[in-house]
Structure formats: C-alpha cells, structure tokens
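The structure appears below as structure tokens.
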Amino acid sequence: MCLRSLRALALHTAILVALPTVAPAQSVMTQAIRTSEAQEPALIHADQQSAAQQKLDTLYARLGKRPNIVWLVVDDMGYGDPGAYGGGAAIGAATPNMDRLAREGLRLTSAYSQPTCTPTRSAILTGRLPVRTGLTRPILAGDKIAKNPWADEISLPTLLSGAGYKTVLSGKWHVGESEGMRPHEVGFDEFYGFYEAEKEITQGVDKRRYPDLVLNPERLAMLRKTGSSTALVQAVKGGPVSQVEEIDSIEKMAEGDRMLKEFTVKKIKELASGTAPFFLEHCFMKVHADNFASKTFEGKSGSKYPYKDDVVEVDAYIGEIVDALDQAGVLDNTFIFVTSDNGPQLDSWPDSGYTPFRGAKGSAWEGGIRIPAIAYWKGMIKPGRESDELFDLMDLFNTSLSLGGIRDKVPVDRYIDGIDQTSFLLADDGRSNREKVFVWNEQNLMAMRMYEYKIHVKVVETKAQWLNIDMTTVSDVGLAPWLFNLYIDPKEEYPVGHRMNAFLASMLAEMKAHAATFKKYPAKNIGLGQ
C-alpha cells in the first residue's frame, strides 16, 4: 500500500472517531444481517435457531415454566486464572468447580467484556455500550454526575419482572449508589450486597496500605463526606435500605463473600420453592484488590498469596451455589453463566490475576477485555463443547430475554448492541450469531475484532510495567491503524495491516458503520469525564 493510501486511511480513522453523520455501505467482509436500525446486525443460523427453540419448547412443556437464569460474575479475574483456561493448580490456585462446569458445558475462548467493571455491569443489564448509557467508567468516591443514567434506561430485571420473574442481585453493584441508581430502584426485586468495590471499602480501615488516610482523621473525615458506603446492605423494591453489617475492619471484609454466598444459597432454596422463575445475579466482591483471605481459606491455595486464596474461595462458592440449585431440584431448568467483569488489575500486582494476553484491566488490548466465560445448563447445553467464536457479555441481555420468552421486549426506541445468542449456546453444534466486537474505552472508540482479526484506531500505551491504569496514555495510531491476526499473534505484538492482510480498509468501513449509529442514537453524557 502506498504512502498516499496510508495517509488516506489515517484521515479515514480521524473521521471515524469523530462519529460520522452518514452511514456507509457495508464492507465485503460482513455476513451479518441488520433487521432493525436500532439493533446490532447479527449472523443468521436458521437451523440452529430451530434446534434451540425445540429444546426450549420441550423443556417448557415438561416443566410448565420458563427457565431460571443465574449469572456468577467474579470481579477482576484474569483469563488465565481458572484451570480450564490454563491456570488453576498450575499457577497456584486450583479451580475444580469452574473447571467442572467448563467440562460439562460450553467453554468460550473469545468472550469479551468492557475494560473496567462499571461499564461491564451496566452493559450486561442494558444490552448497550457504556458510551450509550453514559456509564463509561467506575463512579468513584467524590464523583458528581450530571444526571441519573438509569432514569431513561430499560434494565433486564425490569423486563424480566414484567414477565413474572423474581429478580435478585447478591453482591457487588458498583453502578451507582445515589438515590434512583441502586439495584432495587432499577428493576431488581431484592438486593443484598455492597454498593462499592472491595478496595473502596477497605481503604478506610487498612492502615498498612493507606496510612495517610486511616491515620489522618482530617483526611478520613473528607472521605466520609463523599457519602461512599462501607456497609453490607439489604433492600427490596419499593422499600427502605437496611444495614446488615458495617465493614470497619479488613477482617470483616475478608468474610464479605462468605456472607453473600450464604444469602444466595438460602435465597435459591426460597426461590425454587415458589412457582415463578427467577433471575439471580451473584456478583463476587473478590478477587478485586485489595484481597484479604477469609479465615476458612487462608493459605488454602498452592501459592499461599491472598489473591490466590481468594480465587480458591470464589471457586468453592461457585460449587456451593451450583449444588444449592441441584439440591433445590432446579438445576435442569437453570441457565448458569460464569464469567469475569474484565481482565486482571495488574496495577495491584501481586494482588492480581493472570492473563496470557497483552495489557490488563483498563485497556483495549486483549488482556483488558478477553475474559473466561462458561455457559452451563444440565441437559440443555451439550457437555464438552468449546468455541472460539465471538461472544460479548452484552449478549446476555438479549439472550436472557429470549430464554424468558420475551424476545419481543427488546427495546426498539434506543440502540441495542447486544445480540441474542440463545441458539449459539443451546444448539449442539451452535455457531455464534455475533460477527464483530467493538471496543470502547470511556469515550474513545479504540478497536474492533472481526473473525480472527483485530484492528486498533487508538491504543493504550503503558509507560511503566504493571501500571496499566495509573501510568498510561491513550494515543492515536500513526499512518495506518494497527491490525493484528490474533490466531498467529494473540499478544498483539506485530501489526500485519497493509503488508500481510487484505482487509484493512474493509475493517475500517465496518468501524465507520458502527460509529454512524451514533447519529440517530447519540452517546449520553452524565458527567463521567476522564
């Protein structure tokens, strides 16, 4: 490709990032079909759709109710942490329960999250990219947002509740704790958990790590004035919030996930005894830094490090939750999905997980957004399946609506980025219905994966090892976008763009078409700037 062409591509990139006002034609690469201007184009697999629907219809005819939906979301667990993904005992923390679910279900090897936790947690509950909802980064202590992003969003628990589901969130929320933004106010029937991430709670009591805060009463008072919650709370839709436990020591925080697990196990028994199907999202506090081992699990990992002990703890609780579903007699009517909300937070190393890929939490590199994801459903998902086809965690929104029998309730008055992956998950030889994954980092359109190719129009550059958040810059690419073939270069080390790949311009056209959707469906600004 000549220099003039490269400069043209660079200009094309600048236009793309500026969000064009005219939707371009599709490129020669795409096979996805757009059925609505407000929904992401999807691949159509008619045979597997029929096979999956037949499975669902047969199950419904036998049991007379829609399936339960259970998400188990680990915080900051790396792609390489579970044994099923190359970690486990080999890196000092055995994960027999996650490994068993992977063996007996579907192991996804190209599943994607958002770069950080709040964006992912909002995306899976709305089916929308964070730039569309305004929840582009974690809401931190002291943040003042311009408006409630949930006021005009339609959440998954709201839609499922309307279809007769009982909806419960147990664990970490971290998508707003102001009035009108809390779980029981955005659709969940019940919430038992923490508004904040683990570090935001323990920083006020851990004098070894934060002496300038904990040992300085004036500074500690400043932190408390932000209104940041430091308690385990419980609330029901339309009711008050009650404090279950004030977390005033690292020892109490260490037992946080145990308390959450005990609630979830008890709640499963209660929900299973009723006639309504249920949606339960269990979000672990761990293994987000700062990690402190529970008394029961301290030293129980091969490595003896707190992070690894906590991986072992989380894995054990996943086993207990699945066992609770089995003992309650609902395992064969429950779709279970185990995943992480983003890549490992290497800034807190060695209190962090492992990824074999470049980058980590906070970046658009594979290490920040490629996460373990396991779909398990006894008798419905064929055991031993593995797929490298694309899955975005936003797809859980559409898929859950489909499982709940309300596929027609996917909103049409806003852009939905999620795709219904029911047929991919349930058909014995299912193929993904997703053709592309778009990667945003806050307000920046960074990259896109399509097939085994990934193209970057902006890149996160790390200025010091391990500091993938605190010491990085976001940079424009040079003469041409950086295009990688992930099958020969999974670490994204050597762009093949104009030298070894024929689709640089075509992939840019796909990104431009994506950016053009923001003309009619603009990004929402709630004041969460960088």
Side-chain angles (χ1 to χ4, degrees), residues 56 59-60 63-73 120-128 133 135 148-193 195 233-242 260 263-264 266-283 321 325 328 330 333-337 377 393-414 416 418 420-422:
L56 289 171
L59 185 69
Y60 184 75
L63 300 177
K65 61 189 298 188
R66 298 295 177 186
N68 308 309
I69 301 166
V70 175
W71 298 350
L72 303 175
V73 183
T120 293
R121 292 163 194 273
S122 66
I124 61 179
L125 291 174
T126 63
R128 283 156 53 78
T133 65
L135 290 160
N148 177 4
W150 289 102
D152 56 357
E153 293 296 331
I154 302 175
S155 75
L156 176 63
T158 294
L159 294 171
L160 289 175
S161 291
Y165 273 73
K166 297 295 184 182
T167 59
V168 180
L169 174 67
S170 173
K172 176 184 172 179
W173 173 236
H174 213 201
V175 200
E177 63 178 286
S178 300
E179 188 173 346
M181 295 179 63
R182 299 170 294 188
H184 55 289
E185 296 167 333
V186 302
F188 283 100
D189 293 325
E190 186 171 5
F191 170 57
Y192 184 94
Y195 293 129
V233 301
Q234 185 168 15
V236 295
K237 188 182 294 183
V241 177
S242 61
L260 295 172
F263 169 83
T264 291
K266 181 180 178 181
K267 181 59 63 174
I268 286 172
K269 184 176 181 180
E270 174 189 320
L271 292 168
S273 66
T275 58
F278 59 85
F279 166 49
L280 171 64
E281 181 182 4
H282 182 99
C283 296
I321 291 170
L325 292 165
V330 295
N333 196 35
T334 301
F335 167 66
I336 300 172
F337 197 89
W377 191 347
L393 291 188
M394 284 186 295
D395 298 342
L396 289 170
F397 176 84
N398 304 62
T399 304
S400 296
L401 292 178
S402 181
L403 293 177
I406 50 173
R407 185 184 295 117
D408 60 336
K409 296 298 183 182
V410 175
V412 295
D413 63 340
R414 64 204 63 211
I416 300 297
D420 183 2
Q421 296 275 33
T422 304

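Starting from 1, each residue takes its place in the sequence as its number.
- Separation of atoms NZ (K172) and NE2 (H282) is listed at 13.0 Å; rounding is to 0.5 Å.
- Using the six-membered ring where Trp is involved, W71 and F279 have ring planes that are perpendicular, over 60° apart on the 30 and 60° scheme.
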Determine, step by step, whether S155 and T158 satisfy the side-chain hydrogen bond (donor to acceptor under 3.5 Å, both in side chains) criterion, reporting the C-alpha distance in whole Å, the side-chain angles of both residues, the deciding distance to 0.1 Å, and the verdict. CA-CA 5 Å; S155 75; T158 294; 2.9 Å; yes
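- From I154, atom CD1 reaches atom CZ of R414 across 4.0 Å, with rounding to the nearest 0.5 Å.
- The distance from the CD1 atom of I69 to the CG atom of L403 is 5.0 Å, given to the nearest 0.5 Å.
- Under the ring-ring contact (aromatic ring centres under 6.0 Å, His included) criterion, W377 pairs with no residue, sequence neighbours left out.
- Between L401 atom CG and D408 atom CG the span is 9.0 Å, to the nearest 0.5 Å.
- Looking at Y165 and P277, their side chains come closer than 4.5 Å, going by heavy atoms from C-beta outward.
- Closest approach of E185 to G180, counting heavy atoms only: OE1-N, 2.6 Å.
- Side-chain contact annotation: T133 with R128, donor-acceptor N/O pair under 3.5 Å absent.
- In this structure, S161 and G187 approach most closely via the heavy-atom pair OG-O, 3.5 Å.
- Panel note: side chain T399, backbone D420; no donor-acceptor pair is recorded below 3.5 Å.
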Is there a side chain to side chain contact (heavy atoms under 4.5 Å, CB included) between H184 and V241? Walk through the geometry before answering. CA-CA 9 Å; H184 55 289; V241 177; 3.5 Å; yes
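- The only member of V168, L396, T167, L125 that meets side chain to side chain contact (heavy atoms under 4.5 Å, CB included) when paired with E281 is L125.
- The residues K267 and E190 are annotated as salt-bridged, a charged nitrogen and a carboxylate oxygen being separated by less than 4.0 angstrom.
- Closest heavy-atom contact between W150 and T126: CZ3-CG2, 3.8 Å.
- Looking only at atom types and distance, the side chain of S170 has a donor-acceptor partner in the side chain of T264 under 3.5 Å away.
- Relative to the ring axis of Y60, R66 places its NZ or CZ within 45° and under 6.0 Å from the centre.
- The minimum heavy-atom distance linking G274 with K65 is given by the pair O-NZ, 3.7 Å.
- When all heavy atoms of R182 and W173 are compared, the pair lying nearest together is CA-NE1, 4.0 Å.
- In summary, the aromatic rings of F188 and Y192 are positioned with their centroids too far apart to meet the 6.0 Å limit.
- Atoms CD1 and CE, on I416 and M394 in that order, are 10.0 Å from each other to the nearest 0.5 Å.
- Under the 4.0 Å criterion applied to side-chain N and carboxylate O atoms, K237 and D189 are assigned as salt-bridge partners.
- Screening L271, I268, T334, L325 for a side chain to side chain contact (heavy atoms under 4.5 Å, CB included) with N68, the sole residue that qualifies is T334.
- Of all non-hydrogen atoms in K409 and L159, the two that sit nearest each other are O-CD1, 3.9 Å.
- For the atom pair CZ (F337) and OG (S400), the distance works out to 9.5 Å, reported to the nearest 0.5 Å.
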Residues C283, L169; criterion side chain to side chain contact (heavy atoms under 4.5 Å, CB included); working and verdict: CA-CA 8 Å; C283 296; L169 174 67; 3.9 Å; yes
